[in-house]
Amino acid sequence: MNYIKKFEQLFAEKYQMRQSFSFWKGRVAMYAILKALGIGPGHEVILPGYTCVMNVNPIKYLGAKSVYVDIEPLTYNINVNLLEEKITRNTKAIIAQHTYGYPCEMDSIMDIAARHGIPVIEDCCLALGSTYKGKLCGSFGKAAYFSFQWNKPLTTGIGGLAITNETHLADKISEICEQEMNKPSFKAAAMLSAQRLVYRIFIYPRTTAIATNLFRWLTKKGLVIGSSSICEFMPEMTEDFFMSMSGSQAQAGLRQLRNLDSNIAHRRIMRIIYDKLLDESGYNISKVPEFMDPVLVRYPIRVNNKEKAIEEAPIHGVEIGSWFECPLHPAETPMHLYDYQEGMCPVSERACREVVNLPLHPRVSEKTVRRTIEFIARFIPVS
Ligand SMILES: *Cc1c(COP(=O)(O)O)cnc(C)c1O
């Protein structure tokens, strides 16, 4: 069996899903699901107003309208109290994005969706292994999608996958793939393989900022496969968007799947260490309900001078991230082209100004966590 089929099968098994489909990127997986659901002009798709533009593009590509719900400040997920008022006769899907790995309030979302007969799609790009009331995020909705981009819990450089248990939907996705999907060029696949190698060698917590800047620069020069290009800040689909996963991506994915359980266990432990150390230092850390078991991709935390924290972190050899910098990350997004007006989601806008995220990927140790907290503590507001 080839790597792609094997990767898809193994992933589906992990999630006990009937079917899975691999793609060049997570956003392509999302597009395939939405298209298979028949979403098009005149339709509305609901998602949190704390997301990235790449996660809105597939909605726009299909000619539908994106409708944003503000988030709640603890988990950065859809505030379920604001969800129902956004539903109209034209609402055809709700995207439950499990932000940073925190599970959405799934009982309420599924309940509201069922009452209105609207399918729920789970965005699990940041939530591999998180559970809600003992059930895996990704197994609640009609379908779910994942991303394997550099910053995600499991990475194949770039990559994406959709899972579903619904036979009809799976058949539709198959059909769309058969009709429309292109294969990545040999060059693109080979460049990505080379990048994975470089990544394995260079990305350590102390050097990530330098490596990331180098990658960005090379991307601008067209020398690496960046996760996004300039044209993807426009709500129009490019010809090479709908692309399949390459064999070497799938091979990397298979390697990573073998370590998935220890990857998840590590993230869980590091999150608990962050919680504990911050708690001991007297900081008021966010506590999610007991029935949520988040596996975080990065550890979000509110600071009082975000700009300064980000600027100083590399000098101290500390790896600090900043998503989301605006409700439709990144800051360059022309928001008006994406149905977002300033002030629509005030809780999200505040989070964009205040939240940075700390690393807990497999290369982060307890020592890294201590060093990171020592640095960031100066920026945490005393409550
Ligand atoms: C990364 C990400 C995506 C898109 O994934 P790509 O593989 O980069 O297309 C979608 N949603 C969320 C929440 C993400 O973090």
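Position 1 is the first residue of the sequence, and the numbers go up from there. Numbering of ligands and ligand atoms starts at 1, following listing order. Computed from heavy atoms alone, side chains included, the values below leave out hydrogens, waters and symmetry copies.
When the options Ser147, Ala29, Gly160, Ala127 are ranked by their closest heavy atom to atom 6 (P) of ligand 1, first place goes to Ser147.
Heavy-atom separations between Leu126 and ligand 1 include at least one value shorter than 4.0 Å. Contact analysis leaves Met54 out of contact with ligand 1, as no non-hydrogen atom separation drops below 4.0 angstrom. Heavy-atom distances between Lys152 and ligand 1 reach below 4.0 Å in at least one pair. In this structure, Asn55 is part of the shell of residues with a heavy atom less than 4.0 angstrom from ligand 1.
Checking side-chain atoms of Asn2 against main-chain N and O of Lys5 turns up a donor-acceptor pair under 3.5 Å. Between the side chain of Asn263 and the backbone N or O of Pro153 there is at least one donor-acceptor pair closer than 3.5 Å.
Annotation: Gln149 places no N or O atom under 3.5 Å from an N or O atom of ligand 1; distance criterion only. Considering backbone and side-chain N/O atoms, Arg27 comes within less than 3.5 Å of an N/O atom of ligand 1.
With sequence neighbours excluded, the residues that form a side chain to side chain contact (heavy atoms under 4.5 Å, CB included) with Glu354 are Arg302, Arg350. For Leu278, the side chain to side chain contact (heavy atoms under 4.5 Å, CB included) partners at least two apart in sequence or on another chain are Tyr283, Ile285, Tyr299, Ile301, Ile373, Ile380.
Both the backbone and the side chain of Lys25 come within 4.0 Å of ligand 1, judged by heavy-atom distances. Residue contacts with ligand 1 for Met30 are absent, since no atom lies close enough (heavy atoms, distance under 4.0 Å).
In summary, the atoms of ligand 1 found under 4.0 Å from a heavy atom of Gly159, numbered by their order in the structure, are 7 (O). Interface atoms of ligand 1 facing Gln97, defined by a heavy-atom separation under 4.0 Å, are 13 (C). When each atom of ligand 1 is checked for a heavy atom of Gly26 under 4.0 Å away, the hits are 5 (O), 6 (P), 7 (O), 9 (O).
A donor-acceptor contact closer than 3.5 angstrom links the side chains of His116 and Glu84. Between Ser130 and Tyr132, the side chains place no donor N or O within less than 3.5 Å of an acceptor N or O (distance only, hydrogens not considered).
Taking the six-membered ring wherever Trp is involved, the centroid distance between the rings of Phe7 and Phe148 falls below 6.0 Å.
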May I have the step-by-step check of side-chain contact (heavy atoms from CB on, under 4.5 Å) for Gln16 and Leu136, ending in yes or no? CA-CA 10 Å; Gln16 295 178 352; Leu136 270 174; over 6 Å; no
